[in-house]
Amino acid sequence: MLYLLRGPSGSGKTAFANTLLLAGVVDHVFEADQFMIDENGTYKYDRSRLQYCHDQCERATREALAQGKNVAVANTMTKCWEVAKYYEMSDDVTVITLEGQFPNVHGLPNDIVEMQRKRLERWSIKDRARNKGKKMFKV
């Protein structure tokens, strides 16, 4: 089972993913932000590493799913194409769009978060039909 938690920074993705983990619903939670942690355990955003971090998140997700693990991925995924690459990884996918407005844990400026909110693409009927069997929710 693959849960894709998408939404702007501060929408509750990480909290929701960790709730799934603590409840035993998923075995792993992956976020691109995990790969922005330096050797001292400090989060340091580095735009030049963004593609690498997303690639690592996808790799870790594929590996865990191949081992039969249940996974939650919590990334902004504001564009449908960003979600699409995960669809192929499992026949059992649930997409949850979160739109809460909580303080973001990485201290992103409000203008960046607002840009993410404006960029967030909605799911269309066509998307749902094309991905028959995949579950999509908005929270």
Side-chain angles (χ1 to χ4, degrees):
M1 178 70 179
L2 175 60
Y3 291 88
L4 300 178
L5 310 175
R6 63 187 296 263
S9 297
S11 62
K13 299 178 304 293
T14 300
F16 195 98
N18 287 331
T19 299
L20 293 174
L21 184 65
L22 289 171
V25 175
V26 298
D27 304 299
H28 297 285
V29 170
F30 298 117
E31 301 175 292
D33 284 334
Q34 289 172 285
F35 302 97
M36 293 270 186
I37 307 289
D38 70 13
E39 60 277 351
N40 299 319
T42 304
Y43 176 83
K44 288 191 177 178
Y45 179 79
D46 179 352
R47 187 168 178 76
S48 70
R49 298 188 69 232
L50 199 53
Q51 186 60 53
Y52 166 81
C53 294
H54 280 285
D55 290 346
Q56 293 304 305
C57 185
E58 290 172 37
R59 179 195 53 76
T61 300
R62 279 187 201 285
E63 288 177 5
L65 289 170
Q67 295 171 7
K69 303 295 184 182
N70 293 324
V71 175
V73 176
N75 284 327
T76 54
M77 295 185 272
T78 57
K79 298 292 186 182
C80 293
W81 67 265
E82 294 170 309
V83 178
K85 57 181 100 180
Y86 287 96
Y87 280 148
E88 67 180 58
M89 295 185 195
S90 175
D91 291 330
D92 196 2
V93 179
T94 298
V95 178
I96 301 172
T97 301
L98 294 119
E99 297 188 52
Q101 295 187 18
F102 306 102
N104 71 75
V105 296
H106 301 302
L108 283 172
N110 288 338
D111 60 324
I112 301 293
V113 175
E114 188 56 34
M115 181 182 67
Q116 292 174 349
R117 288 187 185 290
K118 289 178 181 175
R119 200 172 59 205
L120 185 63
E121 291 181 346
R122 305 292 178 222
W123 293 104
S124 70
I125 298 299
K126 192 170 24 171
D127 289 324
R128 291 182 178 135
R130 184 175 59 238
N131 297 296
K132 191 164 63 174
K134 315 271 175 147
K135 300 170 207 74
M136 299 178 204
F137 301 96
K138 179 179 168 185
V139 178

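Numbers for residues simply follow the sequence, beginning at 1.
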- [ ] Decide if atom NZ of K79 counts as having more than 12 heavy atoms of other residues, nucleotides or ligands within a radius under 6.0 Å.
- [x] yes
**OP:** Verify the neighbour count for atom CG of N110: are there more than 12 heavy atoms of other residues, nucleotides or ligands below 6.0 Å?
**Re:** no
If you look at every heavy atom in [X] and [Y], which pair is closest and at what distance?
| X | Y | value |
| --- | --- | --- |
| E99 | R117 | O-NH1, 3.7 Å |
| L2 | S90 | CB-CB, 4.1 Å |
| Y43 | M36 | CE1-CB, 3.6 Å |
| F35 | C53 | O-SG, 3.3 Å |
| L5 | A72 | CD1-CB, 4.4 Å |
| V26 | A17 | CG2-O, 4.4 Å |

(Q) Can a donor-acceptor pair be found, under 3.5 Å and without considering hydrogens, that links the side chain of R6 to the backbone of T78? (A) yes
*Short question: side chain of Q34, backbone of E31 - any donor-acceptor pair under 3.5 Å?*
yes
If you define the side chain from C-beta out and look only at heavy atoms, does anything of [X] sit under 4.5 Å from [Y]?
| X | Y | result |
| --- | --- | --- |
| D27 | N70 | yes |
| M1 | T94 | yes |
| V29 | L20 | no |

**Message:** Between Q116 and R119, is the side chain to side chain donor-acceptor pair (under 3.5 Å) condition met? List the steps.
**Reply:** CA-CA 5 Å; Q116 292 174 349; R119 200 172 59 205; 5.8 Å; no
Measuring from atom [atom1] of [X] to atom [atom2] of [Y], what distance do you get when rounded to the nearest 0.5 angstrom?
| X | Y | atom1 | atom2 | value |
| --- | --- | --- | --- | --- |
| D46 | D38 | CG | CG | 11.0 Å |
| E63 | H28 | CD | NE2 | 10.0 Å |
| L21 | F16 | CG | CZ | 13.0 Å |
| Q56 | Q51 | CD | CD | 10.5 Å |
| E88 | L65 | CD | CG | 11.0 Å |

For this session: I would like to know whether V93 and Y86 meet side chain to side chain contact (heavy atoms under 4.5 Å, CB included); could you show each step before the answer?
Result: CA-CA 9 Å; V93 179; Y86 287 96; over 6 Å; no
Mind running side chain to side chain contact (heavy atoms under 4.5 Å, CB included) on K13 and N75 for me, showing each step along the way? CA-CA 7 Å; K13 299 178 304 293; N75 284 327; 5.7 Å; no
Q | I37-Y45 co-clustered via ILVMFWY side chain contacts under 4.5 Å | A | yes
Same cluster or not: are V113 and L120 linked, directly or through other Ile, Leu, Val, Met, Phe, Trp or Tyr residues, by side-chain heavy atoms under 4.5 angstrom apart?
no
#### Entry: Pair E58 + R62, salt bridge at N-O below 4.0 Å
no
